[in-house]
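Before any comments, here is the structure.
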Amino acid sequence: DVKVTQSSRYLVKRTGEKVFLECVQDMDHENMFWYRQDPGLGLRLIYFSYDVKMKEKGDIPEGYSVSREKKERFSLILESASTNQTSMYLCASSLVTVINTGELFFGEGSRLTVL
Amino acid sequence: GEDVEQSLFLSVREGDSSVINCTYTDSSSTYLYWYKQEPGAGLQLLTYIFSNMDMKQDQRLTVLLNKKDKHLSLRIADTQTGDSAIYFCAESRLIEAAGNKLTFGGGTRVLVKP
């Protein structure tokens, strides 16, 4: 079974702190994604990466950066956390295949509260 | 740009059928998906349909796609209490070298009453 592991399930941080959210997948997937989930807004794509050291902005990249130094690990960084970044953050990965159904495999999420 | 809309909430009695509806805007979508999120968990793929199909059935699940109206629905037959969850509709667009990029709707919370 594909496993996507997010290291922190719950975090509480103060405004202005630097925050790292880590995600690791164990199935050699090329693509990795960071979404944030807010009630009524669904999932919004922050950043994605389709290869090591490659990154692409999603729909809401402002205030975030990412790092992909190894294929299995994709980190989301909040350089200076703000209260409007309080949210559930979901990491996902997918395999690029000839059929390319685009199925995403999700981690369990990291709930971040910024005070 | 892509936009996906769903109703926020659906209440249904155990044993009845549930129908969750979704509309999308991107006519170049390649696949459309239904994901399920149980409390405290990430999303799991329930089913998907290729954009040139109009129906797909998988046990209790029936997906209907009206490409002309850009309307997708998920019917769950004989709904059980374990079907209580948030259901997300998503569409995908193919990005060169990167595979599919998914856009999600806001999610429909389904509550199954005994």
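Basis for what follows: all heavy atoms, side chains included, without hydrogens, waters or symmetry-related copies. Chain A is the first sequence line, chain B the second, and so forth, proteins listed ahead of strands; every chain is numbered from 1.
Looking at A:Arg9, only its side chain comes within 4.5 Å of chain B, counting heavy atoms on both sides. Only the backbone of A:Leu41 comes within contact range of chain B, with heavy atoms under 4.5 Å apart. Only the side chain of B:Gln37 comes within contact range of chain A, with at least one heavy atom under 4.5 Å from a heavy atom of that chain. Contact annotation for B:Phe50: neither backbone nor side-chain heavy atoms come within less than 4.5 Å of a heavy atom of chain A. Proximity to chain B (any heavy atom under 4.5 Å) is restricted, for A:Gln37, to the side chain, taken from C-beta onward.
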Would you be so kind as to tabulate the donor-acceptor pairs closer than 3.5 Å made by side chains of residues 60-68 of chain A, with sequence neighbours excluded?
unit_1, atom_1, unit_2, atom_2, d
A:Tyr64, OH, A:Arg36, NH1, 3.0
A:Tyr64, OH, A:Tyr89, OH, 2.7
A:Arg68, NE, A:Lys71, O, 3.2
A:Arg68, NH1, A:Glu30, O, 2.6
A:Arg68, NH1, A:Ser49, O, 3.2
A:Arg68, NH1, A:Ser49, OG, 3.0
A:Arg68, NH2, A:His29, O, 3.2
A:Arg68, NH2, A:Glu30, O, 3.0
A:Arg68, NH2, A:Lys71, O, 2.6

Show every donor-acceptor pair shorter than 3.5 Å between a side-chain atom in residues 80-88 of chain B and any protein atom, with sequence neighbours excluded, or say none if there are none.
unit_1, atom_1, unit_2, atom_2, d
B:Gln80, NE2, B:Asp78, O, 2.8
B:Gln80, NE2, B:Asp78, OD1, 3.0
B:Gln80, NE2, B:Asp78, OD2, 3.3
B:Asp83, OD1, B:Arg60, NH2, 3.1
B:Asp83, OD2, B:Arg60, NH1, 2.9
B:Asp83, OD2, B:Arg60, NH2, 3.3
B:Asp83, OD2, B:Gln80, N, 2.8
B:Ser84, OG, B:Thr81, O, 3.3
B:Ser84, OG, B:Val112, N, 3.0
B:Tyr87, OH, B:Asp83, O, 2.5

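Within a 6.0 Å sphere centred on CZ of A:Arg111, other residues, nucleotides and ligands contribute 12 heavy atoms or fewer. The local environment of CD in B:Gln44 is sparse, with at most 12 non-hydrogen atoms from other residues, nucleotides or ligands closer than 6.0 Å.
In terms of heavy-atom pairs under 4.5 Å with chain A, the best-connected choice from B:Ser92, B:Gly42, B:Gly40 is B:Gly42. Contact count versus chain A (heavy atoms, under 4.5 Å) is highest, among B:Leu45, B:Leu8, B:Leu43, for B:Leu43.
A:Tyr35 and A:Phe106 have tilted rings, their planes meeting at an angle from 30° to 60° on a 0 to 90° scale.
The two residues A:Asp38 and A:Ser87 come nearest to each other via the heavy atoms OD1-OG, 2.8 Å.
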Residue pair A:Ser110, A:Ser8: steps toward the side-chain hydrogen bond (donor to acceptor under 3.5 Å, both in side chains) verdict: CA-CA 6 Å; A:Ser110 298; A:Ser8 304; 5.8 Å; no
Check against salt bridge (charged side-chain N to carboxylate O under 4.0 Å, His left out), B:Arg93 and B:Glu91: CA-CA 7 Å; B:Arg93 193 162 53 87; B:Glu91 61 170 357; over 6 Å; no
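Of residues 10-18 of chain A, no residue lies under 4.5 Å from chain B by any heavy-atom pair.
In terms of the salt bridge (charged side-chain N to carboxylate O under 4.0 Å, His left out) criterion, A:Lys70 has no residue partners (sequence neighbours excluded).
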